[in-house]
2 protein chains.
Amino acid sequence: MTHLRVTIREVAAKAGVSHQTVSRVINESERVNPETRARVQAAIAELGFQPNAIARSMARGSTRTLACISPNLTDYTYASIIEGAETEARRHGYFLISASAPDAAAFTVLVEQLIASQRTEGLLALNPYIDERYQHLPAGVPTVIVGAQARDERSHSVSLDETNAGRMATQYLLSMGHRRIALITGPLEEDCSQDRQAGYQQALQEAGVDFDPTLVMEGDWSATSGHQAVECLLEDGADFSAIFAQNDRIAVGAIRALREAGLRVPEQVSVVGFDDMPLASYFDPPLTTVRQDIFYIGSEAARLLIQAIEQPGRQTQHVHLPVELIERGSTAKANPEKGGAREVQATR
Amino acid sequence: MTHLRVTIREVAAKAGVSHQTVSRVINESERVNPETRARVQAAIAELGFQPNAIARSMARGSTRTLACISPNLTDYTYASIIEGAETEARRHGYFLISASAPDAAAFTVLVEQLIASQRTEGLLALNPYIDERYQHLPAGVPTVIVGAQARDERSHSVSLDETNAGRMATQYLLSMGHRRIALITGPLEEDCSQDRQAGYQQALQEAGVDFDPTLVMEGDWSATSGHQAVECLLEDGADFSAIFAQNDRIAVGAIRALREAGLRVPEQVSVVGFDDMPLASYFDPPLTTVRQDIFYIGSEAARLLIQAIEQPGRQTQHVHLPVELIERGSTAKANPEKGGAREVQATR
DNA sequence: ATGAAAGCGCTAACAA
DNA sequence: TTGTTAGCGCTTTCAT
């Protein structure tokens, strides 16, 4: 265990050159005599020298570190985006500090500590419109908004084509003959909930089906909220033969509630989820869902951010990623005699 | 948008003091005249000065940044540990750079870039015994091994009491009258798989039940592996009335395979999982499982690491965290007439 | 192709 | 209590 860390100067002394020549070698400059380079490299190996990253950042004025602030790190969607971003960042020689900010206040503090302190050179803001945090996005620092479209002109963004995704899921149910399609959304503060709902309404309209607001329930992404939403729907005596749940967890909760009410999925009610989370194919029944390539969202976001850092003049970019419908066992054709309505009314 | 970042010297000029006084103010030194401090603070506010974190790291020789290397960032278990660690780190004024290393080679590179470059002051190594990566743990740098016990004397560790957890799950099934209990493990390279199995065998022995190696299958934590394991078991005509799956995903796959073979859970076969992952209570049937407080594992690991950094002389510590059995619907009493054996043999 | 000098923005030691 | 002087370990001019 080396106690005092070896510096460039010790290497220089050992190799009999100036520390500047060592710097040239570690920076792979061309302008070094092959012999000298070999001597220096030998010295580096012998002493186990590792350039000090902080000193380099200091001298270069660039830290090659990105920040990623997310509501949490455990939701599968966020975690995948972060993993994608981290991998891509590293591919470009950057590191990623990811931190979770449950609320806007925590977000503000983090921006200060990470961005204003110049510890990082750019920011990945995951879902910044869930609360007031977007008002504290840093100015003058490259920023990519992930999971929503930027509302200002300074920020880049990477998001799904949410409206189209909502439309696609709804069209699929319509194509199965369903006419009474309930919708369970995420929190309406979030753009994606709104956009998915817009797509839902759009698809209904295109199919000439009237939009019925009593068929729409707001959830909070949790399975529990899906469960409750279906309970409410049933209590209100709502008539529906399909549900579009805006994420897979809501779908799972909804299916559970349907079962508890004695309704069979997909025979009596079809359910479409959103995300294609890891166990979606192992649910009972396997979940029909909208798949998003979340890992790619993350890597694309990192790519954009690094581009913005390295080419400061660049125009802001807004990337929309496509989605795909995965057909599994939680959906079936509507019962034609009944015109798509449920046969059994819950007894509760 | 300030173009040239404000430095301590500009603040000093504005406040009419030396830059060192400004340094004292931002470091909350006592030795500053209240009036002077007020003047400096006014100047700081007016100029929007933010100390440069890199320069501080440079001058102090300490980066207040930790590294966390994990096989991936998306597994719920890892993500939770990371979130716990990140939160705790920040509580102590540290940042956490988390990176994923799918294999030992990637791990080695990361250790070099993060640790040897002195960018970070300590390492959280999640599950380092899944491959050869533990051989590349850095020397002379505070390290906490998470999810396994340290195999050397230099590293601290935070892990579950895995043996006891395995024992507890098995004892529970035994107490329900099951005698033929199949085990589906994680990869046997990982300590936790081994330890959970040791606990399983221990419980059997204590209950006077013979250990039957044909009832043990090795999985890879995936639902698919649980599915396959049960298929093998059934093909081999194995006789069992309960399964202890070493994680919840394996359990889900196992339940699916059981169903496909026409077996009812829990009436004919009971299944116990491990982790209590978020949707465990929403599975069908709701999963009986061993709960670990993973968030706490992370925060404890970070706490230990920071302690090791700040008090270098300290002895290595090894923390074992308790687990808890959560009883839900995937387990039931064994059929007494049959002595716990399945009634129905799969027809395949 | 190599070296010398200067400085990145701050903190730490010492002096006043 | 405050200011002055040196660096931290490296990169970047600019000479040579």
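The chains referred to below are lettered A, B, ... by the order of the sequence lines, with proteins before strands, and numbering in each begins at 1.
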Which listed nucleotide (C:dC10, D:dC10, D:dG3) is nearest to the side chain of A:T7? D:dC10
Thinking salt bridges, do B:R151 and B:D191 make one under a 4.0 Å N-O criterion?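 Salt bridge between B:R151 and B:D191, a charged N being under 4.0 Å from a carboxylate O: yes.
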Salt-bridge present (B:E310, B:R64; N to O < 4.0 Å): yes
Length of the [atom1]-[atom2] vector between [X] and [N], whole Å:
| X | N | atom1 | atom2 | value |
| --- | --- | --- | --- | --- |
| A:M58 | D:dG9 | CE | P | 12 Å |
| A:I54 | C:dC8 | CD1 | C1' | 13 Å |
| A:R9 | C:dA5 | CZ | C1' | 11 Å |
| A:R64 | D:dC10 | CZ | P | 18 Å |
| B:R39 | D:dT1 | CZ | P | 15 Å |
| B:I26 | C:dA12 | CD1 | P | 11 Å |
| B:I8 | C:dG7 | CD1 | C1' | 16 Å |
| B:I44 | C:dC10 | CD1 | P | 10 Å |

Does a side-chain N or O from [X] land closer than 4.0 Å to OP1 or OP2 of [N], or not?
| X | N | answer |
| --- | --- | --- |
| B:T21 | D:dG3 | yes |
| B:R56 | C:dC10 | no |
| B:T36 | D:dT2 | yes |
| B:S18 | D:dT2 | no |

Tell me yes or no: between the side chains of B:R56 and B:N27, is some donor less than 3.5 Å from an acceptor?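 Judged by distance alone, the side chains do pair up.
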Is there side-chain contact between A:L66 and A:F95, with at least one heavy-atom pair below 4.5 Å? no
Is there any protein nitrogen or oxygen under 3.5 Å from a nitrogen or oxygen in nucleotides 12-16 of chain D, and what are the pairs?
unit_1 : atom_1 : unit_2 : atom_2 : d
D:dT12 : O4     : A:Q20  : OE1    : 2.8

Taking all non-hydrogen atoms of both residues, which atom of B:N127 and which atom of B:P71 are closest, and how far apart?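 Heavy atoms of B:N127 and B:P71 come nearest at CB-CG, 4.3 Å.
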Minimum heavy-atom distance B:A104-B:D131, with the two atoms named: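 Where B:A104 meets B:D131 most closely, the heavy atoms are N-OD2, 3.5 Å.
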Report yes or no: does A:T87 contribute a side-chain atom to a donor-acceptor pair with the main-chain N or O of A:E83 at less than 3.5 Å? yes
Decide yes or no on salt bridge (Lys or Arg N to Asp or Glu O under 4.0 Å) for B:E86 and B:R90, but give the supporting numbers first. CA-CA 6 Å; B:E86 195 268 322; B:R90 205 128 46 71; 2.6 Å; yes
DNA chain C contacts made by residues 113-122 of chain B, counting heavy atoms under 4.0 Å: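 Those residues whose heavy atoms fall under 4.0 Å from DNA chain C, taken from residues 113-122 of chain B, amount to none.
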Check every strand shown and say whether A:S57 touches a base, only sugar-phosphate, or nothing at a heavy-atom separation below 4.0 Å. nothing
